[in-house]
Amino acid sequence: MTITPSSPATQLSEEMDARGYQRAHSGKLMRITREEGRARDLADFFQFDSVGTHPTGLYVTGIFADGHRGHMRTSLVRDASEGEIAWRESYK
């Protein structure tokens with residue numbers, strides 16, 4: 001299964017399969033993309049765990065600070081920026 005991202009949240013310009021997505025995001029801190037103007041929240045951040053396919057596209061599994069795992073469409077998440085990582089670290 002491949003996807004063609006339709007959202008700027010993914011910041012990818014070409015099709016990517018699950019294996020490519022896994023290589024690109026493995027070990028990274030990710031963030032759920034929320035509506036513009038919404039305040040940052042620690043619950044929006046997760047550690048990338050894995051990616052899988054679904055008939056509607058790719059889904060990512062993340063591990064959140066409280067230890068629970070969540071499954072989200074890849075179009076709704078992105079890598080955390082350096083500034084966001086620093087912000088999160090200051091609240092740990």
Side-chain angles (χ1 to χ4, degrees):
M1 158 100 26
T2 60
I3 60 166
T4 302
S6 59
S7 168
T10 57
Q11 298 297 309
L12 299 173
S13 61
E14 59 188 53
E15 289 187 0
M16 183 173 287
D17 64 10
R19 186 176 302 153
Y21 195 94
Q22 178 82 30
R23 280 192 304 267
H25 300 281
S26 185
K28 291 190 176 182
L29 181 67
M30 307 283 287
R31 182 173 182 202
I32 298 171
T33 304
R34 304 290 189 180
E35 63 273 3
E36 194 67 32
R38 185 176 177 273
R40 285 183 188 158
D41 189 318
L42 290 174
D44 291 343
F45 294 89
F46 63 93
Q47 195 66 42
F48 177 85
D49 184 49
S50 64
V51 65
T53 60
H54 185 272
T56 61
L58 296 180
Y59 274 73
V60 65
T61 300
I63 303 171
F64 290 82
D66 64 1
H68 86 274
R69 292 179 187 276
H71 310 285
M72 299 145 284
R73 290 182 17 207
T74 56
S75 61
L76 302 177
V77 301
R78 62 175 175 78
D79 294 353
S81 69
E82 289 184 27
E84 291 168 336
I85 293 169
W87 177 87
R88 181 179 174 265
E89 290 298 315
S90 71
Y91 285 94
K92 282 178 86 176

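All values below were derived from every heavy atom in this structure, side-chain atoms included, with hydrogens, water molecules and symmetry-related copies excluded.
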Exercise for the section: Mind listing the closest non-hydrogen atom pair of Val51 and Gln22 along with its distance? Expected result: N-OE1, 3.5 Å
Practice task
Tell me whether Val77 is reachable from Ile63 by hopping between hydrophobic residues (I, L, V, M, F, W, Y) whose side-chain heavy atoms are closer than 4.5 Å.
Solution key: no
Problem - Non-hydrogen atoms of Ala18 and Thr53 that approach each other most closely - result: CB-CG2, 4.1 Å
Handout entry: Euclidean distance, Ser90 OG relative to Ile85 CD1, rounded to 0.5 Å
Key = 12.5 Å
Practice task
Could you state whether Tyr59 and Phe46 fall into the same hydrophobic cluster, counting links through intermediate Ile, Leu, Val, Met, Phe, Trp or Tyr residues with side-chain heavy atoms under 4.5 angstrom apart?
Solution key: no
Practice task
Using the salt bridge (Lys or Arg N to Asp or Glu O under 4.0 Å) rule, pick out the option among Arg88, Arg78, Arg34 that qualifies with Asp44.
Solution key: Arg34
Practice task
Indicate the atoms forming the closest heavy-atom contact of Met30 with Asp79, along with that distance.
Solution key: SD-OD1, 3.1 Å
Problem - Whether over 12 other heavy atoms sit under 6.0 Å from Arg38 CZ - result: yes
Exercise for the section: Please answer whether the main-chain N or O of Phe64 pairs with a side-chain N or O of Gln47 as donor and acceptor at a distance below 3.5 Å. Expected result: no
Fill in the blank from the handout: Nearest heavy-atom approach of Phe45 to Ala80 is CE2-CB, 4.1 Å
Completion exercise
When every non-hydrogen atom of Arg40 is compared with those of Gly83, the smallest separation belongs to NH1-O, 4.2 Å
Practice task
Over 60° means perpendicular and under 30° means parallel, so classify the ring planes of Trp87 and Tyr91, tilted if in between.
Solution key: tilted
Practice task
For the residue pair Arg69 and Asp49, establish whether any side-chain heavy-atom pair is separated by less than 4.5 Å.
Solution key: yes
